[in-house]
Amino acid sequence: PLMKDLFGLTDLEKRLATHLHLKRVIVVPGDSDQSDWVKKEMGRAVARILKSIAQPDQVVAVAGGTTLAAVAEMMTASSSLKETTFVPARGGLGEAVELEANTIASQMATKSGGKYQLLHVPDQLSDEARETLIKEPHIQEVVELVRSARIVVHGIGDAKAMAERRKSSPQLLAHLQQEGAVGEAFGYYFAPDGRIVYYGRSIGLTLEDLAGADNVITVAGGSDKAASIAAVCPAVGGGTLITDEGAARAILPM
Ligand code: G3H
């Protein structure tokens, strides 16, 4: 707390929580666009929260991305997470394996001493193939677990950066630009006013399912993501945000 006050971060946290209509905001010093260790500090903060709010036999659904990978990296063995099952929030969204929610879920379980269940659903499925897959009993079982998650942890991406990283079609890129998409989370793309302008067809958690979770933990930082965070946070609905000083200062009006 002393360090935080020194940097004036407590005040930033309060202002940001009000501005984005969130229950709780944690701001770590620095800007993750500038240095990688800031992303790890956000990861450490999430790991600490997960330990402190854990309940027996809970399900934790996690999304993908480099920020979530930093969360996984910072997890440590914890008796409070031994009975936790980590699951991916959604099936494949076109990310590289290292950044897939499946990979992150298994790493978080391995590091914390918890359990995991995976969703083996490729991205770019035809409607027909997806309908068939959804009927598989094992997939159904995992989807049910995912949708029952007590805690959801996810990142936020810049819409264009995410669409390009996932090798989206030129048509989709044009659509997102035309609709003014600025932010992305779970494969949903948002305009500045929080309107959903597109979502990748996968299976697993839907945006509506978030309302059923006790804790939605958003982790995203870097001044470049300011507009993305400002668009997605209110749309996702009011939980906890872990961010950095770079993003916080860029989001707040002067
Ligand atoms: O959905 C959000 C993205 O996965 C965020 O990715 O943490 O690599 O910026 P990132």
Side-chain angles (χ1 to χ4, degrees), residues 26 28 30-47 61-75 86-105 107-108 119 123 146 149 152-168 172-173 176 181-191 194 196-207 209-210 216-237 239-244 246-248 250-251:
I26 292 173
V28 307
D31 185 335
S32 45
D33 285 340
Q34 244 104 77
S35 45
D36 242 10
W37 61 263
V38 178
K39 207 175 255 187
K40 289 190 184 157
E41 283 309 311
M42 290 194 291
R44 195 198 303 277
V46 175
V62 300
T66 58
T67 315
L68 265 291
V71 175
E73 194 184 332
M74 300 314 279
M75 298 287 294
F86 291 89
V87 294
R90 300 190 72 197
L93 291 168
E95 291 278 23
V97 172
E98 313 83 73
L99 303 182
E100 260 182 26
N102 265 341
T103 309
I104 311 274
Q107 282 172 349
M108 286 179 71
L119 257 182
D123 46 289
V146 171
V152 180
V153 190
H154 74 95
I156 291 175
D158 168 75
K160 184 162 182 270
M162 290 310 299
E164 284 172 352
R165 190 164 94 189
R166 291 168 178 165
K167 308 215 170 13
S168 308
L172 176 55
L173 290 172
L176 292 174
V182 290
E184 185 277 346
F186 312 102
Y188 288 80
Y189 289 82
F190 300 86
I196 296 167
V197 296
Y198 174 81
Y199 60 95
R201 294 234 195 78
S202 187
I203 68 172
L205 206 76
T206 66
L207 210 56
D209 291 328
L210 292 180
V216 177
I217 301 173
T218 304
V219 49
S223 44
D224 287 351
K225 279 191 191 172
S228 314
I229 296 169
V232 176
C233 274
V236 159
T240 300
L241 169 69
I242 289 80
T243 188
D244 61 22
I251 293 167

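What you see is a predicted model, and the numbers here were worked out from it, not measured in a lab. Each ligand, and each atom within it, is numbered from 1 in the order the structure gives.
- K39 pairs by the side chain to side chain donor-acceptor pair (under 3.5 Å) definition with T66, not counting sequence neighbours.
- Residue D158 comes nearest to S228 through the heavy atom pair CA-OG, 3.4 Å, listed as atom of the first residue, atom of the second, then distance.
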- salt bridge (Lys or Arg N to Asp or Glu O under 4.0 Å) between E184 and R165, worked out: CA-CA 12 Å; E184 185 277 346; R165 190 164 94 189; over 6 Å; no

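- With sequence neighbours excluded, the residues forming a salt bridge (Lys or Arg N to Asp or Glu O under 4.0 Å) with E164 are K160, listed by chain and number.
- Between the Y189 side chain and the L176 main chain, no donor and acceptor come within less than 3.5 Å of each other.
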What does the N/O contact table under 3.5 Å look like for ligand 1?
| from | atom 1 | to | atom 2 | distance (Å) |
| --- | --- | --- | --- | --- |
| ligand 1 | 1 (O) | E184 | OE1 | 2.5 |
| ligand 1 | 4 (O) | G64 | O | 3.2 |
| ligand 1 | 6 (O) | R165 | NH2 | 3.3 |
| ligand 1 | 7 (O) | T66 | N | 3.3 |
| ligand 1 | 7 (O) | T66 | OG1 | 3.3 |
| ligand 1 | 7 (O) | T67 | N | 2.9 |
| ligand 1 | 7 (O) | T67 | OG1 | 2.5 |
| ligand 1 | 8 (O) | T66 | N | 2.7 |
| ligand 1 | 8 (O) | T66 | OG1 | 2.5 |
| ligand 1 | 8 (O) | R165 | NH1 | 2.8 |
| ligand 1 | 8 (O) | R165 | NH2 | 3.3 |
| ligand 1 | 9 (O) | K225 | NZ | 2.6 |

Would you list the atom pairs, donor with acceptor, under 3.5 Å between side chains in residues 216-227 and any protein atom, with sequence neighbours excluded?
| from | atom 1 | to | atom 2 | distance (Å) |
| --- | --- | --- | --- | --- |
| T218 | OG1 | H154 | NE2 | 2.8 |
| S223 | OG | D31 | OD2 | 2.7 |
| K225 | NZ | I156 | O | 2.8 |

